[in-house]
Amino acid sequence: MSLIASRMASLGTENAFRLGTDIAACVERGMDVVKLNLGEPDFDSAEHINREAIAQIEAGNSHYTDAQGVRSFREAIARHIRETRGIEADADRVVVTPGAKPPIGFTMLAYVEPGDEVIYPSPGFPIYESWVTFVGAKPVPLHLSEERGFAFTAEDLARLITERTKVVLFNSPSNPTGGVLSKADLEGIAAVVRERCRPDVRLYSDEVYEHILFDGEAHHSIASEDGMAERTVLVSGHSKGFAMTGWRLGWALLPTREEANLFKQININVVSCVPPFIQEAGRVAYESAETPATVERMVRAFEERRDYVVEALNGIDGVTCQNPKGAFYVFPNVAGLCRRLGVLDAFEALPEERRRSTCPSAMLQMFLLYRHGVATMDRNSFGRIGAEGQHYLRLSIATGMDRLREGVRRVAEAGEDREGFASYVEEGGKLR
Ligand SMILES: Cc1ncc(COP(=O)(O)O)c(C=O)c1O
């Protein structure tokens with residue numbers, strides 16, 4: 001009998017959190033690190049939202065509450081959904097969760113049997129692949145290609161659907177690519193789903209970046225398409241759009257009350273409930289007339305940084321970067337940079353065992369961090385299956401313009417440091 005249950009070997013992770021140890025090691029050595037790794041706004045939560053939470057605590061609203069979420073907040077969520085997605089939504093089908101992350105696992109636990117197939121975007125939020133493998137389902141990555149702006153077509157999806165398909169995950173605007181599914185994309189996808197998927201196949205629409213769109217783009221949801229609401233687990237939350245990552249506040253709208261009850265049941269088993277004062281503050285985020293201007297200010301700042309960073313990265317020899325339409329990441333292709341620095345050759349020269357535990361973009365990521373003091377994320381941190389031969393980095397633009405400029409300057413400087421990379425590998429520098 002072993003100490004650790006075997007299922008733990010199939011649980012993945014989110015490297016953006018794990019990289020903290022490497023950053024701390026660099027800081028301990030006296031390095032100044034530009035952190036372009038974490039996916040959270042550098043803005044604080046708004047004052048009017050903070051004030052509500054404080055007032056609620058002071059009024060004694062600090063006890064256990066309904067495991068499904070307090071009704072006032074669920075009603076505000078349902079109203080928000082009706083207004084922005086144009087679909088029916090009632091508070092009885094809404095479940096409040098500690099962040100937009102938990103519903104991913106809840107969905108796998110509630111609907112997926114071992115051997116079922118789950119389709120998810122790759123590159124995509126790493127927790128999708130993590131949960132798919134954890135529950136023993138078959139991971140079916142839907143590869144997003146750079147040439148098509150990291151979107152996918154209905155035909156791409158149709159090719160992956162089989163009679164074993166149980167859940168299809170979407171994420172728009174996307175982490176890590178910033179890609180956005182257009183209304184036309186969604187219409188095509190919905191047609192494929194209507195035609196090819198049994199009614200018990202669930203779509204999981206992760207819309208946590210719904211507020212963060214550029215160039216006048218509007219947010220569209222698959223749930224708004226004909227016949228899709230009754231199949232969709234629609235998920236969003238307050239972490240990104242309202243800069244409330246540490247509050248841990250998210251929600252899911254389920255197709256039926258019975259399914260909402262399953263999510264409630266998992267809440268009861270794991271967290272009991274989300275703190276009521278946080279939910280009331282979350283309600284104010286939706287109801288206050290002060291919120292839209294706060295969100296707008298932040299989104300315009302991201303857009304300005306996006307404009308700067310895309311141009312600056314495209315100016316680096318060996319880097320090409322698409323223009324993201326939403327979220328707060330850029331996802332440059334660094335294949336040329338890897339080639340110039342000798343990363344691809346160094347990767348090929350590794351023993352097979354070592355090669356399995358890293359990839360060229362992770363080697364570049366470590367070199368950038370440990371030698372040039374800039375923290376980024378590698379391609380394989382966004383889904384490992386089928387990612388061979390893809391060389392990308394994700395840079396978060398949720399950091400001030402000065403630090404962003406400094407970070408890009410360091411990437412450019414590292415690109416000229418072929419000797420430095422060779423010595424980094426020779427001296428046994430960390431490669432993942
Ligand atoms: C696509 C996506 N979904 C869900 C989450 C989780 O959000 P939360 O912090 O609200 O749990 C993130 C966070 O990075 C994300 O990028």
Side-chain angles (χ1 to χ4, degrees), residues 12-20 35-43 45 49 69 73 77 95-108 118 120-132 141-142 144 150-151 167-181 203-213 219 221-222 232-253 263 266-267 270-271 274-275 278-279 281-282 285-286 302 324-331 376-377 381-383 394-399:
T13 191
E14 186 178 355
N15 283 333
F17 281 106
R18 291 176 71 102
L19 198 68
K35 292 182 211 143
L36 305 182
N37 56 309
L38 259 187
E40 69 169 339
D42 52 321
F43 292 77
S45 48
I49 298 172
F73 183 40
I77 294 166
V95 182
V96 178
T97 52
K101 186 185 269 181
I104 302 166
F106 290 13
T107 296
M108 297 303 136
V118 178
Y120 60 96
S122 180
F125 189 48
I127 300 306
Y128 305 149
E129 191 172 276
S130 172
W131 269 100
V132 174
L142 170 54
L144 309 179
F150 296 113
V167 173
V168 185
L169 293 121
F170 303 99
N171 172 217
S172 177
S174 148
N175 174 13
T177 69
V180 168
L181 291 168
L203 311 180
Y204 183 98
S205 189
D206 183 338
E207 302 180 17
V208 72
Y209 295 95
E210 64 177 289
H211 302 280
I212 305 173
L213 285 154
H219 178 66
S221 170
I222 187 73
T232 303
V233 179
L234 171 58
V235 175
S236 188
H238 287 38
S239 295
K240 315 293 178 172
F242 302 134
M244 292 171 70
T245 50
W247 293 64
R248 312 309 304 133
L249 194 57
W251 51 259
L253 173 73
F263 274 40
I266 301 175
N267 256 354
V270 182
V271 291
V274 173
I278 287 181
Q279 297 190 53
Y286 283 134
F302 292 153
K325 294 184 192 150
F328 41 66
Y329 310 104
V330 288
F331 198 63
T376 59
M377 298 306 302
S381 291
F382 302 98
R394 187 195 77 176
L395 278 61
S396 165
I397 57 172
T399 192

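As the structure lists them, so they are numbered: ligands from 1, and atoms in each ligand from 1. We count residues from 1, following the sequence as given. Nothing here was measured: the structure is a model prediction, and the numbers come from that model.
Ligand 1 has at least one atom lying under 4.0 Å from a heavy atom of Val208. The closest approach between a heavy atom of Trp247 and any atom of ligand 1 is not below 4.0 Å. Contact annotation: His238 has no heavy atom less than 4.0 Å from any atom of ligand 1.
Close N/O approach between Ala100 and ligand 1 is found [any backbone or side-chain N/O within under 3.5 Å]. The distance criterion of under 3.5 Å between nitrogen or oxygen atoms is not met by Asn171 with respect to ligand 1. At under 3.5 Å, a nitrogen or oxygen of Lys101, whether backbone or side chain, sits near a nitrogen or oxygen of ligand 1. Taking only nitrogen or oxygen atoms, main chain and side chain alike, Ser239 reaches within less than 3.5 Å of ligand 1.
The nearest non-hydrogen atom to atom 12 (C) of ligand 1, considering only Phe382, Trp251, Phe125, Tyr128, comes from Phe125. The closest non-hydrogen atom to atom 2 (C) of ligand 1, taken over Asn175, Ile104, Asp206, Thr97, comes from Asp206.
A 6.0 Å sphere centred on NZ of Lys35 holds no more than 12 heavy atoms belonging to other residues, nucleotides or ligands. Within a 6.0 Å sphere centred on NZ of Lys240, other residues, nucleotides and ligands contribute more than 12 heavy atoms.
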Evaluate side chain to side chain donor-acceptor pair (under 3.5 Å) for Glu207 paired with Ser221, printing each intermediate quantity in order. CA-CA 8 Å; Glu207 302 180 17; Ser221 170; 2.6 Å; yes

With side-chain contact (heavy atoms from CB on, under 4.5 Å) as the criterion, how do Gln279 and Ile77 come out once you've worked through the C-alpha distance, each side chain's angles and the decisive distance to 0.1 Å? CA-CA 11 Å; Gln279 297 190 53; Ile77 294 166; over 6 Å; no

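Among protein heavy atoms, atom 13 (C) of ligand 1 sits closest to Lys240 NZ, 2.8 Å. Looking at atom 11 (O) of ligand 1, its nearest protein heavy atom turns out to be Arg248 NH2, 2.7 Å.
Separating the CG atom in Asp206 from the CD1 atom in Ile222 is a distance of 14.0 Å, to the nearest 0.5 Å.
Between Tyr286 and Phe242, the closest side-chain pair of non-hydrogen atoms falls below 4.5 Å. Side-chain contact between Phe328 and Ser396: present, with at least one pair of heavy atoms (C-beta onward) separated by less than 4.5 Å. Using a 4.5 Å heavy-atom cutoff, the side chains of Trp251 and Leu234 are in contact. Inter-residue side-chain proximity for Tyr120 and Asn171 is flagged as unmet; no heavy-atom pair is nearer than 4.5 Å.
Within the listing of ligand 1, atoms 1 (C), 14 (O), 15 (C), 16 (O) sit less than 4.0 angstrom from a heavy atom of Tyr209. Listed by number with element, the atoms of ligand 1 under 4.0 Å from a non-hydrogen atom of Gly99 are 10 (O), 11 (O).
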